[in-house]
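Scroll down for the structure; my scribbles are underneath it.
What you see is a predicted model, and the numbers here were worked out from it, not measured in a lab.
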Amino acid sequence: MIDYALVAGSFLVAVVVGLTGMGGGALMTPMMMLFFNVPPLAAVSSDLVASAVMKPVGGAVHLRQGTVNLRLVGWLCAGSVPAAFCGVFVARAFAVTDGVKYALGVALLLAVAGMAARSLLGSRAGEGGAPGAHEIVVRPIPTLLVGTVGGLVVGVSSVGSGSLIIVALLALYPALKANQLVGTDLVQAVPLVAAAALGHLMFGDFRMELTLSLLIGSIPGVYLGARISSRAPGGLIRALLAIVLLASALKLLGVDDQVTLVAVGAAALAAAAGRQWRVRGAARASRESTDLARAR
């Protein structure tokens with residue numbers, strides 16, 4: 001039986017996934033457990049199977065827009081696909097899901113702090129003068145390790161295909177534009193999530209009615225989000241990335257819903273104020289440059 005409230009919730013989460021390439025497992029799985037009383041293993045299994053169908057939709061949009069580095073995708077998948085399948089067995093054998101989620105929550109908070117600090121210091125990584133998605137020099141071994149760790153975490157908890165891997169890509173390849181990060185991450189997540197989903201279909205607690213409700217909402221949601229992100233300004237996408245990271249981290253750490261809403265609202269206001277400040281600064285610099293040119 002279709003749960004229309006779950007359909008609406010999955011649509012909203014999928015728009016976030018399409019926009020930022022992340023937040024699927026970190027938002028969808030807690031949503032099912034907290035608001036729909038779905039058992040943890042069933043939530044993880046159904047979310048991964050739905051993601052295996054949802055991710056290609058967003059990835060296809062970015063492939064058409066040319067915002068995907070396929071060499072990066074290849075090295076990430078070489079590590080993530082086998083690790084994701086093995087992660088299912090780790091989760092069942094050692095029941096480490098909660099520990100992984102807490103560790104990932106702390107890592108995401110650190111990533112938010114790093115992004116904020118870089119923004120305050122005026123970093124221009126990933127903006128207009130950055131190389132294209134196909135011009136980045138790939139670092140094979142670190143990329144392979146990122147894929148392996150990310151795949152293992154996804155197999156254990158359904159979290160990490162976007163949240164963890166995109167943070168690592170930010171650190172390894174700061175010259176990638178924001179929409180290139182999102183596009184590359186969405187495409188590499190397709191085989192990664194498929195491998196984890198296969199493991200959960202075989203050994204998890206997959207529930208068809210949950211997955212159908214997720215798919216009905218998430219497929220149009222991720223398509224809409226991906227269409228927007230492939231054309232949106234890099235600064236806007238980076239702000240959304242930071243806000244989704246913060247929300248994901250707080251939910252993974254078990255923070256109260258009201259506190260999470262207040263924190264995310266404050267972050268959104270700070271991001272809007274910072275963007276307005278940068279726009280005014282750029283306009284002022286442009287006027288000064290024009291005045292100087294006229295004086296000469």
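- A donor-acceptor contact closer than 3.5 angstrom links the side chains of Y173 and T143.
- Counting only heavy atoms from C-beta outward, the side chains of V187 and N69 never approach each other to under 4.5 Å.
- Closest heavy-atom contact between V73 and Q188: CG1-CA, 3.9 Å.
- Rounding to the nearest 0.5 angstrom, the gap separating the CG atom in L176 from the CG atom in L72 is 6.5 Å.
- Side chains of F11 and I216 form no contact here, defined as non-hydrogen atoms less than 4.5 Å apart.
- To the nearest 0.5 Å, the span separating CD on Q258 from OG1 on T260 amounts to 10.0 Å.
- Summarising the geometry, atom CG belonging to D47 is positioned 5.5 Å from atom CE belonging to M28; distances are rounded to the nearest 0.5 Å.
- V190 and F85 fall into different hydrophobic clusters, where Ile, Leu, Val, Met, Phe, Trp and Tyr side chains are chained together by heavy-atom contacts under 4.5 Å.
- Note: the hydrophobic cluster containing I243 does not contain L261 (ILVMFWY, side chain heavy atoms under 4.5 Å, direct or indirect links).
- With a 4.5 Å cut-off on side-chain heavy atoms, V149 and L145 do not count as touching.
- Nearest heavy atoms, D3 versus F36: OD2-CD2, 3.7 Å.
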(request) Check the pair L76, L169 against side chain to side chain contact (heavy atoms under 4.5 Å, CB included), reporting the backbone distance first and the verdict last. (result) CA-CA 10 Å; L76 287 168; L169 288 178; 4.2 Å; yes
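- The same ILVMFWY cluster, assembled from side-chain heavy atoms under 4.5 Å apart, contains both L181 and W75.
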(request) Evaluate the criterion side chain to side chain contact (heavy atoms under 4.5 Å, CB included) for residue pair Y223 and M54; output intermediate values, then yes/no. (result) CA-CA 9 Å; Y223 179 80; M54 176 180 69; over 6 Å; no
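- Between V15 and V222, the closest side-chain pair of non-hydrogen atoms is not below 4.5 Å.
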(request) Start with the C-alpha gap between V259 and L250, add the side-chain angles, then the distance that decides, and say whether side chain to side chain contact (heavy atoms under 4.5 Å, CB included) holds. (result) CA-CA 9 Å; V259 175; L250 295 177; 5.8 Å; no
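- Nearest heavy-atom pair, A42 versus R207, reported as atom, atom and distance to 0.1 Å: CB-NE, 3.6 Å.
- Between A194 and A52 the shortest heavy-atom distance is CA-CB, 4.2 Å.
- S218 and S10 make their closest contact through N-OG, 3.7 Å (heavy atoms, listed as atom of the first residue, atom of the second, distance).
- By the rule that hydrophobic residues join a cluster once side-chain heavy atoms approach within less than 4.5 Å of another member, V138 and V81 end up as members of separate clusters.
- The minimum heavy-atom distance linking G79 with A83 is given by the pair O-CB, 3.3 Å.
- Remark: side-chain polar atoms of S213 are paired, donor with acceptor, to backbone N or O of E209 under 3.5 angstrom.
- Using a 4.5 Å heavy-atom threshold, the side chains of L214 and M32 count as touching.
- Within the 4.5 Å cutoff, side-chain heavy atoms of V68 are placed close to those of L70.
- Between V49 and L201, some side-chain heavy-atom pair lies under the 4.5 Å cut-off.
- The same ILVMFWY cluster, assembled from side-chain heavy atoms under 4.5 Å apart, contains both L212 and Y4.
- Under the 4.5 Å side-chain criterion, counting only non-hydrogen atoms from C-beta, L192 is in contact with I165.
- Interatomic distance, L198 CG to L48 CG, rounded to the nearest 0.5 Å: 11.0 Å.
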